[in-house]
Protein chains: 2
Amino acid sequence: MAEIRTPATTIERLPLYYRCVQKLDSKGVDVISSKELGAMIEIPSTQVRKDLSYYGEFGRRGVGYEVKNLVKNLRRILGLDESWDLLLVGAGNLGQALVNYGGFKRLGLNINYALDIDQDKIGNNLGAAEIHQLDQLEEIIAANNINIAILAVPDENAQQVADRLVAAGVEAIWNFVPIRLDVPEDIEVRNEDLAIGLISLTYYLSN
Amino acid sequence: MAEIRTPATTIERLPLYYRCVQKLDSKGVDVISSKELGAMIEIPSTQVRKDLSYYGEFGRRGVGYEVKNLVKNLRRILGLDESWDLLLVGAGNLGQALVNYGGFKRLGLNINYALDIDQDKIGNNLGAAEIHQLDQLEEIIAANNINIAILAVPDENAQQVADRLVAAGVEAIWNFVPIRLDVPEDIEVRNEDLAIGLISLTYYLSN
DNA sequence: TAGATTGTTAATCGATTAACAATC
DNA sequence: TAGATTGTTAATCGATTAACAATC
C-alpha cells in the first residue's frame with residue numbers, strides 16, 4: 001500500500017515557498033532553481049525538491065522551476081484558489097490587529113465577520129467586518145457558510161465558545177487562546193501560542 | 001564527548017509544561033505524575049520524562065513530581081528568574097495588541113519601551129510604555145540595557161531596523177514581519193509568521 | 001557534447017516511544 | 001510486600017540530506 005503521507009514539516013514550508021515565488025513573480029523572474037529557492041528560506045535544495053515532489057513534478061531537469069507555474073500550483077495545493085470567509089470571535093486588541101494585518105486579503109482570505117460581547121463595539125466596523133453580538137454566532141455561521149473561525153476571547157470563555165463554533169458547523173479554528181481546546185478530532189485546530197515564541201528567546205539568552 | 005543537545009522540540013514544550021504546573025500550583029495540587037502532565041498537553045508520559053531529564057532529576061520514583069519544585073526549576077530553566085525589559089519597535093495594531101496581551105507580565109516580561117515614526121503617537125502611553133521617536137532607538141537600548149526587541153514594522157523597513165537593533169546591542173529579535181532577517185548568527189531570531197498558521201488551515205480543509 | 005538541475009532512492013540523522021531496572 | 005512511577009537505554013519512527021541517473 002505504501003501510503004505516502006506528506007510530513008507536517010513540509011506543509012509548514014509550503015506557505016514560505018508560496019510567498020517566495022509570489023515575490024519572484026512580481027519581480028519578473030521567470031525561472032528559479034531549487035538551490036536559489038532554498039537559499040531564500042535558508043534550507044538545502046534537496047529539501048525544496050523533496051517537498052514539491054509530494055505534489056507532482058513541477059520542474060524541468062537542467063532548467064529549474066517556472067515561477068508562474070509554481071505560483072499557480074502552490075495556490076491550488078494550499079487551497080487558496082477558493083475564497084474563504086472567516087469569522088473573528090473576540091474583537092479585542094489582538095482580534096483587531098489580525099483584521100488589520102493585511103497579509104490575509106491578498107491571499108483570498110477575508111475576515112468578513114466579527115463578534116464581541118462588548119455592547120459599545122456592536123455595530124462598529126472592523127476592517128471589512130461589522131461587529132455583531134456574540135449571540136448571533138450560530139446564525140452568522142449558518143447564513144454565510146463560515147468554515148474557519150478565529151478565536152481571540154478571554155481564556156475562561158474559550159472552551160465554551162469553541163463548543164458553540166463546532167456545534168454551529170465550523171470546520172477549523174485558529175486559536176489564539178493559550179488553552180488546549182477539547183474538540184472532536186475532525187475539527188482542525190491551529191494553536192497560535194504567542195508566549196512560546198517569547199519564552200524561547202529568554203531561554204536561549206540565559207543558556 | 002557525547003555532547004547531548006536538547007532537541008529544539010523539547011524547548012518548545014517547556015513553556016507548555018511551565019504553564020501547566022503554574023495552573024496546577026494555583027489550584028493547590030502538590031504532586032503530578034508525568035502521565036497526568038502529559039495528558040494535559042496531549043503527549044505521552046515518556047516524552048514528559050525525557051524532556052525534563054535533559055535538565056536534571058526533578059521527580060521521585062513511585063511518587064511523581066512535586067509541583068512547586070517543577071515550577072521553580074522550569075522558571076529557572078526558561079530564564080524567567082531574570083526580569084526582562086523589552087523594546088517594541090512599531091506601535092501599530094499588532095504592536096498594541098502584543099503590549100496588551102497580558103500573558104507576558106506575569107512571566108516577568110515587560111514591554112517597557114515602544115518606538116514609532118508616527119508623530120501623532122509619540123508621547124502616548126501604550127501599556128506600561130511611553131511611545132518614543134524611532135530616532136531614539138540606539139539611545140534607549142543603551143540606556144536601559146535592552147536585549148530583546150519586538151519587531152512589528154512594515155515589511156520594507158524591517159531589515160533596516162533589524163540592522164540598527166543589532167548594531168545597538170540587542171541580542172534577540174522577536175520578529176512579526178514575514179521576512180527572513182539577515183543578522184549575525186549570534187543573534188537569536190524568532191520568526192512569528194501569522195500567515196502560516198492560517199494557510200495551514202485552508203490547506204487541511206481543502207485536502 | 002558539457003554543464004546544470006530535477007526527481008527519487010538510499011543513507012543518515014534526530015526525535016519519539018517502548019521497555020524496564022531502580023526506587024519510593 | 002505490592003503497586004506506582006521515575007530516569008534511562010534501546011528500538012522505532014519519521015524527516016533530512018547525500019548521491020545519482022534522467023534529462024534538458
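Order of the sequence lines sets the chain letters (A, B, ...), proteins ahead of strands, with each chain counted from 1. Computed from heavy atoms alone, side chains included, the values below leave out hydrogens, waters and symmetry copies.
- The CG-P distance, from Leu14(B) to dA15(C), rounds to 13 Å in whole Å.
- When rounded to the nearest whole Å, the span between CG of Asp30(A) and P of dC24(D) equals 19 Å.
- OP1 or OP2 of dG7(D) sits under 4.0 Å from a side-chain N or O of Tyr65(B).
- Distances shown here put a side-chain N or O of Thr9(B) below 4.0 Å from the OP1 or OP2 atom of dT16(C).
- Mapping Thr6(A) and Thr46(A) onto DNA chain D via the closest heavy atom, the residue that lands nearer the 5' end is Thr6(A).
- One atom, CZ of Arg60(B), and another, P of dC24(C), lie 7 Å apart when rounded to the nearest Å.
- One atom, CD of Gln47(B), and another, P of dA18(C), lie 11 Å apart when rounded to the nearest Å.
- Annotation: of the two residues near DNA chain D, Gly62(A) and Phe58(B), the 5′-most nearest-nucleotide partner is Phe58(B).
- Taking only side-chain atoms of Glu57(B), from C-beta outward, the nucleotide of dC24(D), dT17(C), dG7(D) with the closest atom is dG7(D).
- Looking at the side chain of Pro44(A), the nearest of the listed nucleotides dT16(C), dT17(D), dA15(D) is dT17(D).
- Residues Arg49(A) and Ser53(A) have side chains that never bring a donor and an acceptor to within less than 3.5 angstrom of each other.
- Put simply, CD on Glu12(B) is 13 Å from C1' on dA15(C), counting in whole angstrom units.
- Looking at the side chain of Ser34(B), the nearest of the listed nucleotides dT8(D), dT6(C), dT6(D) is dT6(D).
- Tyr55(B) and Asn73(B) are not linked by any side-chain donor-acceptor pair at a separation below 3.5 angstrom, with hydrogens and angles left out of the test.
- Picking from dT23(D), dT17(D), dT16(C) the nucleotide with the shortest atom distance to the side chain of Arg61(A) gives dT23(D).
- Listed candidates were dG7(C), dT8(D), dT16(D). Nearest to the side chain of Lys50(A) is dT16(D).
- Here dT8(D) presents its P atom at 11 Å from OH of Tyr54(B), a figure rounded to the nearest Å.
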- Message: Dot-bracket, 5' to 3', for DNA chain D please: Watson-Crick or G-U pairs under 3.5 Å, [ ] where pairs cross earlier ones, | where the partner sits on another strand, dots elsewhere.
- Response: ..||||||||||||||||||||||
Please list every donor-acceptor pair under 3.5 Å in which a side-chain atom of residues 77-88 of chain A meets a protein atom from a residue at least two apart or in another chain.
unit_1	atom_1	unit_2	atom_2	d
Trp84(A)	NE1	Gly79(A)	O	2.7
Asp85(A)	OD1	Asn112(A)	ND2	2.8

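- The nucleotide whose nearest atom lies closest to any side-chain atom of Arg49(A) is, among dG7(C), dT6(D), dT8(D), dG7(C).
- As a whole-Å value, the separation of Asp51(B) CG from dG14(C) C1' is 14 Å.
- Side chains of Tyr113(A) and Asn144(A): a donor-acceptor N/O pair is present below 3.5 angstrom, by distance only.
- Between Lys50(B) and Thr10(B), every side-chain heavy-atom pair lies at or beyond the 4.5 Å cut-off.
- For the pair Leu194(A)/Phe176(B), a side-chain contact is recorded, criterion being any heavy-atom separation below 4.5 Å from C-beta on.
- Between Val63(B) and Ile32(A), the residue whose closest nucleotide on DNA chain C is further toward the 5' end is Ile32(A).
- At whole-Å resolution of the value, NZ in Lys35(A) and C1' in dT6(C) are 14 Å apart.
- Ion pairing between a basic and an acidic side chain is recognised when a charged N comes within 4.0 Å of a carboxylate O; Arg190(A) and Glu188(A) show no such pairing.
- Scanning both residues, Gly90(B) and Asp116(B), for their nearest heavy atoms gives C-OD2, 3.7 Å.
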